[in-house]
Amino acid sequence: MTSGHPTNKLADTIADRLAHPDAVPSHLARRPWWRQSLAHGAPGVALLHIERAATGLGSWQRAHDWLAYATHAPLTTGADSHLFYGAPAIAHALNCAAEQRPGTYQDALKRLDKVITADARARVDAAHARIDAGRLPSLNEFDVIRGLTGIGSYLLRRDPDGKQLRAVLEYLVRLTEPINVNDQTLPGWWVDTGPDGHHNERFRHGHANSGLAHGIGGPLALLALATQRGAGVDGQSDAITRIYAWLDRWRVATPTGPAWPYWVNRSQLRAGHRAVSSSQRPGWCYGTAGLARAQQLAALATGDDDRRKMAEQAMLHALTKAALRPESGDPSLCHGHAGLVHIAARTAADADRDTARRLRAGLPPLLRVVSAAATGDEELEPALLEGATGIALVLSNAAAIPRTSWDACLLIT
């Protein structure tokens, strides 16, 4: 795609608007958390400039200015930090830059690695104690956004042979084992709250979350990626098989291809049935695209050709469905068409030749939808997951594989 294409022009405009931290709107700069938030703040903007510098579309000075801004004050560590906030979030951005410019940011990364490893050790110990006591987990114990799966994805990049990654993988194996609560057998990732982490009547007895961002799709992706890279622990393949079984149990055949419910509550578990809404999000966090990619990664890791084909066809159907209803959804990376485009491009890179060709053919129309929806929308905040930063990252090298590993935080690579 040429630099004059509208999608690239929009990415240029967004990047120029966020050229320097001094341009941050005051209502964001005043928020003390914004500097450390990968989901909503400065580390995500740094990723945009790192990717653009790596592809020759921008300057490394811009990337450095944002990294310096993000690290100019103490960072949050401990229980309040996670892949998308605090020390791990900043470390992910620094590592993406260091991979492209060997020798840079090494002292900062070593200090952060020490803290992140210690925090991960404490969280794993707490998780095992919870399992030993027969209690249910919380989503923020294990998910990608706030939990050990997200931390594990960082450890896999930084120290794939390290004992702390092994500890996270061993914990995830235990997480997939059934748990008995009040004489009912539940999947080990069943939580006693709703998806928002709060108790309410609809989820009075909790739920099992399927999403890539918040549910069992994230652990599946991490276990798969670790397997592909030779990082394995006892029971890892069995854990993948248990997650397969759950997803197969709840997979629904729809007119537009296979789909999975966002979650299953206790009454649905008893009934053994859960309808899938026709208005599912097309993007990363929930819905077909994220789960299809997680299963493709797992299938590639385990040599399961039938599952790989199913996952790739599910992605193709999701792309086709979105093209037929371009007015639905939003343009964002997390919930919308930018996320779908990016995951589909990643899926195509690992798909068989014919499916890859069909997936790539479906990307340009949706890229135009993303560009049209985001152009001129001044209300879009500079956020990675739900705003202009994530959109610009996808559009900067539209429908192509990124030069950097910025999207490792999404557990799709």
Side-chain angles (χ1 to χ4, degrees), residues 142 144 149 152-153 156-157 160 169 172-173 175-176 187 189 208-213 215-254 256-261 276 280 282-321 339-360 362 401 405 407-408 410-413:
F142 68 85
V144 171
T149 298
S153 75
L156 180 60
R157 289 276 169 181
L169 296 175
L172 290 178
V173 170
L175 180 75
T176 68
W189 60 91
N209 197 297
S210 299
L212 181 56
I216 198 59
L220 176 62
L222 179 58
L223 291 167
L225 289 166
T227 301
Q228 288 182 18
R229 293 165 194 172
V233 298
D234 291 344
Q236 191 158 309
S237 61
D238 292 335
I240 290 173
T241 299
R242 285 190 287 271
I243 301 172
Y244 279 169
W246 178 264
L247 295 176
D248 289 348
R249 176 181 177 183
W250 295 100
R251 185 174 67 219
V252 176
T254 75
T256 54
W260 293 266
V276 175
Q280 280 196 328
W284 167 68
C285 58
Y286 282 108
T288 298
L291 274 177
R293 175 58 173 169
Q295 290 182 84
Q296 184 201 35
L297 289 171
L300 291 167
T302 60
D304 188 340
D305 201 47
D306 288 340
R307 185 169 298 275
R308 179 188 61 77
K309 291 177 182 176
M310 179 277 295
E312 290 167 6
Q313 288 300 309
M315 183 69 73
L316 186 58
H317 284 300
L319 202 63
T320 302
K321 178 182 175 182
L340 176 57
V341 165
H342 189 66
I343 299 169
R346 279 288 188 190
T347 302
D350 293 320
D352 66 72
R353 181 178 299 179
D354 180 62
T355 304
R357 177 185 58 78
R358 296 168 67 191
L359 284 168
R360 292 187 179 110
I401 299 303
S405 58
D407 57 346
L410 304 179
L411 267 290
I412 60 172
T413 183

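Here the CG-CZ distance, from L319 to R358, works out to 10.5 Å after rounding to the nearest 0.5 Å. Distance OG/S153 to CG/L222: 6.5 Å, rounded to 0.5 Å. Atoms CD and OG1, on Q313 and T320 in that order, are 9.0 Å from each other to the nearest 0.5 Å. To the nearest 0.5 Å, atom CG of residue L172 and atom CD1 of residue I216 are 7.5 Å apart. Distance check, rounded to the nearest 0.5 Å: CE of M310 to CZ of R308 gives 11.5 Å. Rounded to the nearest 0.5 angstrom, D354 CG and L316 CG are separated by 9.0 Å.
Residues L247 and W260 have side chains in contact (heavy-atom distance under 4.5 Å, counting atoms from C-beta outward). Considering only heavy atoms from C-beta on, T347 stays 4.5 Å or farther from I412 through its side chain. Looking only at side-chain heavy atoms (C-beta outward), D248 and R251 come within less than 4.5 Å of each other.
Contact between A351 and A356 at its shortest, heavy atoms only, is CB-N, 4.0 Å. Between L175 and P219, the shortest heavy-atom contact is CD2-CG, 4.3 Å. When all heavy atoms of A292 and A314 are compared, the closest pair comes out as CB-CB, 4.2 Å. Annotation for T288 and A318: closest pair CG2-CB, 4.1 Å, computed over non-hydrogen atoms. The two atoms that bring L212 and A294 nearest to each other are CD1-CB, 4.3 Å, heavy atoms only. The minimum heavy-atom distance between S405 and R157, with the atom names listed, is CB-NH1, 3.6 Å.
Taking A311 as the reference, Q295, Q296 meet the side-chain contact (heavy atoms from CB on, under 4.5 Å) condition, with sequence neighbours excluded. Every residue two or more places apart in sequence or in another chain was checked for a salt bridge (Lys or Arg N to Asp or Glu O under 4.0 Å) with R249, and none qualifies. Shown here are the side-chain contact (heavy atoms from CB on, under 4.5 Å) partners of T241, two or more places apart in sequence or in another chain: there are none. For T254, the side-chain hydrogen bond (donor to acceptor under 3.5 Å, both in side chains) partners at least two apart in sequence or on another chain are T256. Listed by chain and number, the residues in a side-chain contact (heavy atoms from CB on, under 4.5 Å) with D304 are Y244, A299, T302, D306, R307 (sequence neighbours excluded). Listed by chain and residue number, P187, W189, W190, W246 satisfy the side-chain contact (heavy atoms from CB on, under 4.5 Å) test with A208 (two or more places apart in sequence, or in another chain). Among residues two or more places apart in sequence or in another chain, the side-chain hydrogen bond (donor to acceptor under 3.5 Å, both in side chains) test is passed with T176 by R242.
Pairs engaging residues 341-351 under the salt bridge (Lys or Arg N to Asp or Glu O under 4.0 Å) rule: R293-D350, R346-D407 [sequence neighbours left out].
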For residues 225-236, run the donor-acceptor check on the side chains, cut-off 3.5 Å, and write out each pair with its distance to 0.1 Å, sequence neighbours left out.
residue, atom, partner, partner atom, Å
T227, OG1, L223, O, 2.7
T227, OG1, Q236, NE2, 2.8
Q228, NE2, L297, O, 3.0
Q236, OE1, V233, N, 3.1
Q236, NE2, L223, O, 3.4
Q236, NE2, A231, O, 3.1

Side chain to side chain contact (heavy atoms under 4.5 Å, CB included) between Y286 and L291, intermediate numbers included: CA-CA 8 Å; Y286 282 108; L291 274 177; over 6 Å; no

From CA spacing to verdict: side chain to side chain contact (heavy atoms under 4.5 Å, CB included), L220, I240: CA-CA 6 Å; L220 176 62; I240 290 173; 3.9 Å; yes

